[in-house]
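Let me begin by presenting the structure, written as structure tokens, before commenting on it.
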Amino acid sequence: MTAPRHILITGASSGIGAALARHYAHAGARLSLGGRDARRLQEVAADCRARGADAEIAALDVTDPTAMRNWILAADAQAPLDLVIANAGIGSSDESEAEARQAFAVNLDGVLNAAFPAIDVMSGRARGQLALMSSLAGYRGFPEAPSYSASKAAVKALAEAWRGALAARGIRVSAICPGFVATPLTSRHRFPMPFLMSAERAAGIIARGLERDRSRIAFPWPMALATWFIAALPAALSDRLLRPRPPTRR
Ligand SMILES: NC(=O)c1ccc[n+]([C@@H]2O[C@H](COP(=O)([O-])OP(=O)(O)OC[C@H]3O[C@@H](n4cnc5c(N)ncnc54)[C@H](OP(=O)(O)O)[C@@H]3O)[C@@H](O)[C@H]2O)c1
């Protein structure tokens, strides 16, 4: 498979998205980088240019379908998009109604807002690749993060279904399901994060999986196996295993 030349990444101003941008940055590559924070995006774009790539930024919110469509169509008009990575996402903490709705707006609607314009332009030439950012947290509803795991489950199912549905249009689709990656998103976690890895390492694994056109890029494998196993257990058992423990008194 030839290396993608024009790559569009949402959530490229930080964490895994920024690491992916730097990973793909080399002479001959073109990067279209999205996020809300223009200053952080500029820093990532400058790194990418220093590595020889062309890089353009778009400061926009993935929950705005019109802005997303305009950006993606304009990027594609400059050079056909080979790979679109719908990566932008947020966690949740207090699980208020407002927070849960925002998690779905960014993690699910944001993916749809990136994917539909990409599908439109890629269908026209029967060629392209879509990578949708899910999570191992999408394998099962996790009581500690209801809206996060539910939104990621939806993205995983969407990627799996689109992979079959869009194959006839020449579009390859992958679900990306990382375990714990050291980024601003996980820096506020106050619980153990087994097999925590750097964003750079995660970006390398994701890019390798995409190059091989893997349906599901789930890593690290011990976490992927453990999460798969928990999801396969009878619900009564996994419910008990995952039930949040009351805080210990000191
Ligand atoms: N870190 C992990 O352990 C882990 C594990 C599994 C899956 N993931 C997924 O990986 C993706 C990247 O997360 P990360 O860990 O790299 O977190 P991060 O460092 O917090 O990066 C999140 C990115 O998403 C962007 N973003 C958030 N809300 C946005 C919005 N409304 N519009 C546009 N961009 C928005 C942020 O950009 P601005 O701040 O500039 O808006 C930032 O670039 C997420 O989908 C996350 O769920 C992460």
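Just so we're clear, the structure is a prediction, and the values are computed from it rather than from any experiment. Ligands are counted one by one from 1 in listed order, and the atoms in each one are counted from 1 as well.
For residues 178-191, no residue pair satisfies the salt bridge (charged side-chain N to carboxylate O under 4.0 Å, His left out) rule, not counting sequence neighbours.
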Could you list the donor-acceptor pairs under 3.5 angstrom formed between side-chain atoms of residues 9-17 and any protein atom two or more places apart in sequence or on another chain?
unit_1, atom_1, unit_2, atom_2, d
T10, OG1, N87, N, 2.8
T10, OG1, A88, N, 2.9
S13, OG, R40, NH1, 3.2

Solution key, residues 200-209 side-chain donor-acceptor pairs under 3.5 Å, sequence neighbours excluded:
none

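In this structure the side chain of R243 never reaches within 4.5 angstrom of the side chain of P143, judged on heavy atoms.
Without hydrogens or angle criteria, K152 side chain to M133 main chain gives a donor-acceptor distance under 3.5 Å.
Listed as neighbours of ligand 1 are G11, A12, S13, S14, G15, I16, G35, R36, D37, R40, L60, D61, V62, N87, A88, G89, I90, V106, M133, S134, S135, Y148, K152, P178, G179, F180, V181, T183, P184, L185, T186, each bearing a heavy atom under 4.0 Å from the ligand.
Ion pairing of R172 with D82 is absent here, as no side-chain N (NZ or NE/NH1/NH2) approaches a carboxylate O to less than 4.0 Å.
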